[in-house]
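Just follow the structure's listing: the first ligand is 1, and inside any ligand the first atom is 1. Only heavy atoms go into these numbers, but all of them, side chains included; no hydrogens, no water, no symmetry mates.
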Amino acid sequence: MPYRELYNRYMESAIRGRYLTLNNILPLLKEHSTTARVILIGESVNGLPLLAYQIGNGTVKILMWSQMHGNESTGTKALFDLFNLLGDDSELSRALTSRFTFCIVPMLNPDGALAYTRENANGIDLNRDFHNLTQPESKALTEIFEQFEPDYCYNIHDQRTIFGVGNPPNPATLSFLAPAFNQARDINACRQKAVDVIVAMNRALQGLMPGHIGRFDDTFNINCVGDNFQFRGVPTILIEAGHYPQDYDREQTRFYFFASLIAGFMFLIENDIVVNAIDEYLNIPQNKVVFFDFVYRNVNINYDGIEKITNFAAQYKEELVGDSLQLNAYIVEVGALQDHLGHIELDGHGKPFDNNGMSFPEIGQKANFSIGNDVKIVNGLKKM
Ligand SMILES: [Zn+2]
């Protein structure tokens, strides 16, 4: 499948970066309403519309949702790339819309998207609300789940830059999970179907970005939407968009995300039998917490008159200032850090730390400092 070519053709150029709100996608949904059905499935806490995009008349029904966590927008971007494909009149779009009926909620938590928070406007993590259903957003998704009766669900998220896979680790650019349906984490026929789709996605992605694909932890929690829907007998696939080197806007990851969707659909169309899928699934390396955005090594610090050579790390915080998102780096850990890597690493060669006369890094301080006379760090990065 010519993924790159398809992506270049269908990429929705009106949206990019990390901060994606309902205002960004409403005009796009309006355009798509000429080829697809856009329906209202509910309202957010603050009264914003919860919208679903529906297209196709195939027998296999796929329900997808993104931005249940408001600050997790990579999958949403890839969904709009997909909408451009599905709304086109091409052989591929006809194959997809004749095999599948799609119901896709691109932004389940528009209040959180606007505020750039994980939680909804009541401060609730919607992905812990699927047993009790206390929030309008979780109720709306459950209602559409019950009405639409999907054959597959796709639960779309972003993960932090801290996750890596393999040894030596690469950033976990995409991670997958076929959620458990019980505490024992058994595999039944339903979970097996989700595993099969993930294996097909992983095969395609390994060809595009070898060693950047991870498998997420499968501890069972009935409050989580994926576990809940899997428990209710619908194969559910969790996709976590993550970091790709130097891609803090997640525009590269967006491409891989788009490719994984197409790979999964093609697998379902072709109806291939996967041999030993469970083994292949379990062979996808598990996500591990292994990265910081920045690691500085071999820096001389002086704390209370005691000098030593140490390492320390900084991490970006995503901070919404007005209506623009800023990445601000803060120092988060000081120590040996032998089990950690930085997406960016810098060797201080034993030269002294200085931050306006302070001779050691403090947790929580902004990552603005110097090492020796000639290395100046501003917002985590070496100033050239
Ligand atoms: Zn999430």
Side-chain angles (χ1 to χ4, degrees), residues 17-22 25 44-45 50 63-79 104-138 140-142 145 153-165 171-180 194 198 201 213-230 236-244 247-250 253-254 256-257 260-261 286-289 291 315-318 320 325:
R18 299 294 295 276
Y19 184 50
L20 195 60
T21 69
L22 194 64
I25 65 165
S44 70
V45 171
L50 307 178
L63 174 64
M64 310 169 85
W65 58 94
S66 182
Q67 262 177 297
M68 130 184 294
H69 292 142
N71 56 357
E72 299 179 6
S73 58
T74 308
T76 310
K77 294 185 291 186
L79 287 177
I104 302 175
V105 183
M107 191 175 281
L108 185 62
N109 178 8
D111 297 337
L114 186 62
Y116 203 73
T117 57
R118 175 181 176 89
E119 297 80 12
N120 75 350
N122 286 332
I124 300 294
D125 182 342
L126 297 175
N127 206 20
R128 299 293 178 272
D129 190 46
F130 274 79
H131 186 60
N132 295 327
L133 296 175
T134 64
Q135 300 302 306
E137 297 88 354
S138 6
L141 185 64
T142 300
F145 172 84
C153 287
Y154 285 57
N155 178 20
I156 296 173
H157 292 260
D158 271 70
Q159 61 188 353
R160 297 170 61 199
T161 59
I162 58 176
F163 294 106
V165 283
T173 303
L174 283 180
S175 297
F176 296 97
L177 174 70
I198 291 171
M201 289 173 163
I213 300 116
R215 185 165 48 85
F216 222 76
D217 173 53
D218 67 348
T219 309
F220 178 68
N221 183 344
I222 193 73
N223 299 302
C224 297
V225 62
D227 305 43
N228 193 287
F229 287 180
Q230 192 103 272
T236 299
I237 295 140
L238 170 76
I239 313 178
E240 296 269 356
H243 187 64
Y244 188 79
D247 180 34
Y248 281 92
D249 278 342
R250 300 212 166 162
T253 305
R254 169 187 184 168
Y256 297 120
F257 203 108
S260 74
L261 295 176
Q286 256 196 307
N287 262 19
K288 49 189 179 181
V289 175
F291 280 107
Q315 189 71 18
Y316 280 133
K317 255 189 212 171
E318 297 157 6
L320 191 62
L325 192 68

Per the side-chain hydrogen bond (donor to acceptor under 3.5 Å, both in side chains) rule, which among H69, R250, Q67 passes with D158? R250
For S138, the option from N223, N109, D129 that meets side-chain hydrogen bond (donor to acceptor under 3.5 Å, both in side chains): D129
Between the CG atom in N71 and the CD atom in E318, the distance rounded to the nearest 0.5 Å is 6.5 Å
About how many Å separate CG of N221 and NE2 of H131, when rounded to the nearest 0.5 Å? 10.5 Å
Sole residue of T236, N155, I237 in side-chain contact (heavy atoms from CB on, under 4.5 Å) with Q230: T236
Sequence neighbours excluded, the answer for salt bridge (Lys or Arg N to Asp or Glu O under 4.0 Å) partners of D247 is none
Quick one: how many protein N/O/S atoms are under 2.8 Å away from the Zn ion (ligand 1)? 4
